[in-house]
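The next block holds one structure in the form of C-alpha cells; read it before the comments.
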Amino acid sequence: MDNELDRWQSKLEAHFSALAAIREPDGHTVFAIEHDLTPLELDDIADRLRKVIRLGVYLSKHWLLWVVYAVEIGYDYDGEEYWPSFERRTKHWAGDAYRRQQLRNWFARFQLTYSGAVPTGAWAQQFSIIAWPVTHALLPKDLQSQLARVLYEHRYAIAESLDATAVQVGHLIAVSSYGASARFRNFVEQEELTGRIVIALLSGQAVDDGDSILPGALKRIIADLELSSEARAWLKEARDVASKARVRLANGANAGRNRHGVLLHDPATRVAAVEAKCLKPKLLLRRESTDTWSAAIEVPSFAGLAALNSQYAAFLRSTRCAVAGTGASWNTKGWLLYSPPRQRLLEWPNPAKAVVRFERFSDAISHLVMSECRTSPGPIWLFRVDEDGTAAEVLGLHIRAGCTYIIVHSHDLLKSEHLAAVQLDCHGVKAHALHVPEKVDESFLRLAKKLELRFTRTLRVWSAGVPALRSDDETSIEWTTDDPHCIGLGHDDTCMRITAQIDGGATAASSSTLGRRTSFLNLGRLGAGVHTLQVVAQYQGASEGLQTVDSVKATFIILVRPPRRWIPGTEAHTGLVVTPDPHELSLDGVLNGRGHLLVSGPKGRQVHCTLKLLGASGDVIAVDDLGDLTIPSSKDDWFDIVREHVERETDPDHYQHASSGRLVVDGGELGRAEIPLRHSVVPLRWKTDTTKGLELRLVDDTAHDHPVELRVATFKMPSTIVRRHTAGQAERVKPDGHGGLYVAVAGPYRASIVACASMRMSLNELREDQPELDSYLEDGESVAALLGWIRDWERAMLVGPLSAQRRSLAVKLLTDQLFASMCGPDWVDAERWFKERPADVERRELLEGLVNHYPAFAIGLSKDAEQMLTSSIEESANHLLGHAIRYRECGDVRLCEAALRLATSPGRFADWAGAPVVRLLNDLVRVNSLVRGARLLVLLTGEGGRQRTDGWYA
Amino acid sequence: MMDFLSSAQALEVARSRLALPAGVLARSQEHLAQVARRAAGACCPCSPKTLKRVISQCLEGLVESPETFDAQLDELLEAMQSGGDLLELSEVTSGEALPGTWLFLAPPSFAMVNKAEARIFGLAAEELLPLPAPLLPRVKLQGAGRVLNAEPNEDLQKVLGSAGLRELSTNAWLRTPERVSATDLVARHKSNLRAADPSDVGQGYRVFDSSVRGIYVNRWVELNRQTGLFLARRPQAYGADLWAVVEAIDGAATRVGTLPRPGVVHRGCDEGWWLQLAMDALAGRPQEFRLRSGVDGVTVDLTFPLPLWAQRRLEVLGRRTERNNSVASFWLPHSVAQEELRLLDEFFWMKQVTS
C-alpha cells in the first residue's frame, strides 16, 4: 500500500477541516479546488492514484484524493466530454460501471464533512455526477474568458450591484449571459457560486481574506484567465469600473437623507420610480400627404427596468409581447430589452389599457406596465407639427402662438373656423389641424378653453448644452445621471426675475433678467428619480392670451435615470434589424430548416451571411459562407441559401464537432448582427466519426441509474424496431444496410440520429427501400407509439448523404398514417389531393365535406381560418371551442387544444401530453371531427399558419 | 446646489459631458459634432431637420446663431455621414416601414487607416463613445471625426475589437463604386427616365443650371424656361428635399426620375451630383477644383460637392479642412495626393485650376 497517499489523504483532511471551520460560521461553502496543492504535488498524487487503480485495490481509503483528482479534470473540462477525458487519463477506471456512483458518493461525503458546495441548477440535475467535479472546480478554464467578457460587457450594471448578496450578483450575471455559450449558461445557473466568484474577481479585498474563496485558488483562476490578453483587458476594465462605483456608492451612502440623517427615500426606490415613469410610450404622427397623417408608437426599452431586478430581466427575456393597435403578432422574447423599433398604429390604443401585453403573466411587471406603459388618457391628444412633417405629442396640452398642431380625438369636436379636418389613417380616432395665430382673438381662446388646451407664451424650458434623452419642452425633460442637469429658460424680455424650487426644497433666484430672453439654471447634481421643478417668472405686465399677468408659474417634471450603457452586439436604432424565428435558434434547427432569419432595413441593400461554428469553450472552429440576402429578406430567401449551402457542403461532419454556433449577418456600414445558435449538451448524445467509414459513437454522461437501450428502425420500416439491445458505456455502431434511425434511451434521456450509410444509391435501391406502412392504426396505444416515432425521426441528428431527404419521406408517411388513423383513410387522400392545388375550390370543398356531417361546421372554420389560428394556443383553442360549442361538436377546451396541437405538430404531441397520451388520443378519436376541423385549419392557413403556430412551443 | 448661470458658465458645464478637450471652441465642428452625436442617439431615426432643430434648441442662448448656422449644421451632418457616424437610408423596411429618407445611427465601429491609427465612428444611443475608460482620453476629435492613435507596441486593432467595436476593413469602407464613363452614366439615367410616367411629373422644381456662373448654391434656379436634362430638387411640404432628374421643355417638366434610382444604394444627392459632374464633362465644361500645395501635402478646394464615398476617402486618407471659397476642402498628404487626384479625374472628370 502507498504510504504517501495516506499522508496526502491526512494532510488534505486537515486542510479542508480547517477551511470548513473558518467558513461554517458565515455559511460559506468549501470547494475541492481549494486544496492548496502545487502542480508538482498534484502530479505526484495523480501518478500514485493511477498505480493504485491498476492494482485493483480498495479505492475508498483515499476518497478525498480521488475528489481532488476528479476536480482537477473538472477544471480542464471543455464542456463536451468529461468521462472520456477522465478515462483516458485513468486507465482501468472504466472497467467498473459502479465507479461513477462511487465518485458521486465521495463528493457527497466531502459536502457533508467539510460544508462542501452542492451543485445546483437544471444542468446539475441532468449531469448528476459530473456536476460535482465541475462545480468544485469553481471556474473551469473554458469558462474564464467568457466570464471576463460578460463582466466587461455588463460592467456598469454589475458594478452597481456589488454591494448586493452573492446570489443577487450571480442572478444578474445569469440574466446578462444571454448570448453566452450553453455551457456558460449552465454554469451561471449556480448563482451563489457565480456571485461569489464575481465579487472576489472584482473586489481586491476578498482575494486576500479568503473568507469566500481561498486566495491560492482565486489567484490560480486569475492567472489562467489572464493568459489571454483579451480576457485580461476585459477583467481590468470591469475592475476599474467596479472600483469607481464602490467609491461612489460609499460617498453616496448619505444621499437621500435629510439634514437630520433620516432616510427620505431609498435610492433603489427612486431609481425604480423613474424607470417606471420612463416606460411611457411615445406617440408620433407623420404626414403622408398634404392632409393625410399616419400614427406610430414607440415603446421605450425596458432595459432599465430589467437592470433593476433580475427577475424582471428573466421574465422579459422569456416571454413574448404584443403592442396594442399595431396589428402585429407576438414580438420575439427579449424584444423590449433592445430599443424596440417604432411601429405603425392601425388602431388607436385604449388609454385605459396597457400598450404592451405579455404572453405570460407576471404580477409585478403587469402591474408596472398597467400603471405606466399607457398612452395619455385622452379624449384628446395634442401633437405639434414639426417642419419635417412629423408631429410629436405635447403631453401637457400646451399650445403656443405661431405653431401648428394636430388634435387627435376619440369623440366629435365642436365645429370651429380654427379647426380643419385631416385624415388620420388609424381606426378609433379622428383628427383636426389647429394653427395658433401669432395674435389670438377671443374666439380662439374660447375654443382652446373648451378643448382644455393651455395657451402659453411666456415660459419654456430646454436642456441646455447637452440634448435631453427625451423632452416635451412644455412639461418634462429626461436625463441620465451622467448628464449636466442644466436647463435653459426661455421668456419674454419683460421678465424681471425668475425663482425656482426643486422637489419642494432648494430654491434659487435669478438676478434681473430684464431685457434678456434666456436664462440658465443649473439644478446641481440630481440623483436618479422623478423630480419636480417649479419656476415662477415675474413680469412687467406680460400678456398671456388676452390677459395681462404679473407672474407666470410653471411646473416641469425632470426624470433622471441611470444611463443605458452600450452592450457590444446590441445595436440601437440602426438601419439593420435581424429577427430570428423562433427566437432561440439551434444549430441543428437551422441546418434542418427548423428556424430562419428575417432581415429588414433599407430596401435593396445586400447583407452577407456566415455560419460560425464554435467549440465548447467558445473558440471559432469553422466559418461557413452562406451567401447574400437582399433586404427585405423572406423566410424562403433564408431557406434557399441554407439549402444551397447544405447541398454544396462536402464535409457535413464538421457540424458534429461544433458545440454551438453564431449566424452572422453583415450589412457593412449598416452593422452586423450575430445570432447565437443554442446547442445544449445532454447527458446522452451521439457523435459521429467518418475517418474509417461512418461510425456512430454514443456518449453517455448519465449516472448509470438506468441501462442504456439502443433501438434501430430502418427507412423501409420507420416505426418498427428491427434491432434492440443494451448499449455499453462507449457504444460504437457502424450503420448496416442503408442505415436508418438509431435511438438510445436511458430512463428519461433519449438521443436519436438518422444515419444514411450508403454514399450512392441507385433509383432501384431507393425505390425498394421506400417506407412501407400499414394504412392506419386502430388503437390509442399504437397511435401513441407512432407519435413517439415521429418525434424521434423529427428530432434526430442527420448524418450521411440523403439522410435529410429520406428522413423527410419517413416523417411524411408516418404523419399520413397518423391522420389516417385519427381522421380516416379518406381524409388523408383528400389532404394529398388538396395539397397539390390548395387554391382549387373543389378540393377545399371535398375536405370541408369530410370534416363531419354538418357542412356548416367546416364552412365556418374555413371562413374564419386565419382569425382562428393565432400565435397563442390559448386563444386558438378558445376560438375552436366557441365554434365547436355552436355546432355541438365539443365543449371541452382541453380537447380543442389537443386537437390543434396534434394537427399542427404531431412530433411534439407526445411530450406535451405526457403520461395520459393514450387516454387523450382515445378521447380525440371519439370527437375526430374536431381533429379533422383542426387539420382543416392547418391546411387552409398554410405557411402563414405554420409560422404563427410555431410560437406555441416557444 | 441650484443656481442661475451665465451662458458662458452653462456652456462650461456642458463641456465635460461632451468630453470636449480644452481648446475646442464653442460652435466649432468638434463641439457641434459631439452635440449632434448625443442628439442623434436620442432622436434617430429622424429627418435631418429634426436633428438640426434639436441641436439648435439645446444651444439656444449658449452660442451665437448667425444666419449661416443652419448651413453650418448641414455641413456638419454631411461630414458626420461621410465620417460614418450617421447613415442616410431610404425605404427602410423595419418597424413602421419608413418611406422616404431618414438618418439612422451607424453601429459603433472602427477602421484601421494604418497599423497605428484608427478612425472611430458609429454611435451608441446614450454614450458618446462606448470605449473602456483608459482609451477615452486618447481619442482625438478631428472635425466631425474621431481618431485614435496606437501607443508604442500596442495592437490597436485587437484592443478595439476586444472592446466590442466592429471593424470595417479600410478597403471595404473606402471602396469606390464601379468606374463608369460620363457617357454611360448619363445614358443610364436617360434610360431610367424613359421608364418614368410622363403624367406624374409634379411641379416646383429647382434645377442646377450649369450655364449660370457663380458658387454652387447660386446655380440652383427655378425651372423657368430651360430645355434639356437637369439635376433637380423639389422641396417637399415635409421631410427632406426630393432629388430627381428632370427632362424639361421650355421650363415644363416632361419626365421626372426620382433619385436614388431603384436598387441603387447611394443617397439621392450622391447620385445626382455624380450625374451632374458627368453632364458637365460631356458639355465640355467639367467641374473644377483648386489645389494649394503645402510642405506636407496639398489642399483640394472643391467647387462642386462629391458623392459621400468620395468625400469619405478624402477625409480618411487626409482630413477635412476649413472651406476656402469652396463647398468643401480637404488636405491630403503627398503620399496619397496623386492617387486621389487621379480619382477626381477618372471618376468625376474634374479639372484642376490654379488657385
Side-chain contact test, heavy atoms from C-beta onward, threshold under 4.5 Å: evaluate it for [X] versus [Y] and give yes or no.
X: Glu674(A); Y: Arg166(B); answer: no
X: Ser162(B); Y: Tyr152(A); answer: no
X: Val265(B); Y: Gln606(A); answer: no
X: Pro467(A); Y: Cys58(B); answer: yes
X: Glu669(A); Y: Leu87(B); answer: yes
X: Leu533(A); Y: Met2(B); answer: yes

Top contributor to chain B interface from [options] [non-hydrogen pairs under 4.5 Å]:
options: Gly465(A), Ala233(A), Gly604(A), Pro563(A); result: Gly465(A)
options: Ala509(A), Ser519(A), Ala468(A), Ala506(A); result: Ala509(A)
options: Asp483(A), Thr518(A), Thr480(A); result: Asp483(A)
options: Leu523(A), Val385(A), Leu521(A); result: Leu521(A)

Engaged part of [X] at the chain A interface, taking heavy atoms whose separation is under 4.5 Å:
X: Cys43(B); answer: backbone
X: Ile55(B); answer: neither
X: Ala36(B); answer: neither
X: Ala133(B); answer: both
X: Ser109(B); answer: neither

Shortest non-hydrogen contact between [X] and [Y], atoms and distance:
X: Ala508(A); Y: Asp3(B); result: CB-CA, 4.2 Å
X: Trp102(B); Y: Arg286(A); result: CZ2-CD, 3.6 Å
X: Arg561(A); Y: Glu126(B); result: NH2-OE2, 2.6 Å

(message) Let's go through Glu60(B) and Arg460(A) carefully: what are the C-alpha distance in whole Å and the side-chain angles of both, what is the deciding distance for side chain to side chain contact (heavy atoms under 4.5 Å, CB included) to 0.1 Å, and is it a yes or a no?
(response) CA-CA 12 Å; Glu60(B) 184 180 338; Arg460(A) 65 199 167 82; 2.6 Å; yes
Donor-acceptor under 3.5 Å ([X] side chain, [Y] main chain):
X: Glu127(B); Y: Trp566(A); answer: yes
X: Arg38(B); Y: Val466(A); answer: no
X: Arg342(A); Y: Pro45(B); answer: yes

(request) Verify side chain to side chain contact (heavy atoms under 4.5 Å, CB included) between Leu62(B) and Phe520(A), making sure each step is shown before the conclusion. (result) CA-CA 9 Å; Leu62(B) 293 177; Phe520(A) 296 98; 3.5 Å; yes
Residue part contacting chain B, namely of [X], when any heavy atom lies under 4.5 Å:
X: Ala238(A); value: neither
X: Arg517(A); value: neither
X: Glu237(A); value: side chain
X: Ala231(A); value: neither
X: Leu346(A); value: neither
X: Leu670(A); value: both
X: Ser510(A); value: both
X: Ile487(A); value: neither
X: Ala464(A); value: both

(message) The test is side chain to side chain contact (heavy atoms under 4.5 Å, CB included); show your working for Val54(B) and Trp462(A) and say whether it passes.
(response) CA-CA 10 Å; Val54(B) 172; Trp462(A) 64 89; over 6 Å; no
(request) Taking salt bridge (charged side-chain N to carboxylate O under 4.0 Å, His left out) as the test, write out the residues that go with Asp240(A), two or more places apart. (result) Lys236(A)
(message) Counting heavy-atom pairs closer than 4.5 Å to chain A, which one of Ala39(B), Ala163(B), Pro134(B) comes out on top?
(response) Ala163(B)
(message) Sub-4.5 Å heavy-atom contacts with chain A: which residues of residues 11-21 of chain B show up?
(response) Val13(B), Ala14(B), Arg17(B), Leu18(B)
(message) Applying ring-ring contact (aromatic ring centres under 6.0 Å, His included), can you list everything that pairs with Phe121(B), at least two apart in sequence or on another chain?
(response) Trp173(B)
(message) Checking Trp293(A) now: which residues fulfil ring-ring contact (aromatic ring centres under 6.0 Å, His included) with it, not counting sequence neighbours?
(response) none
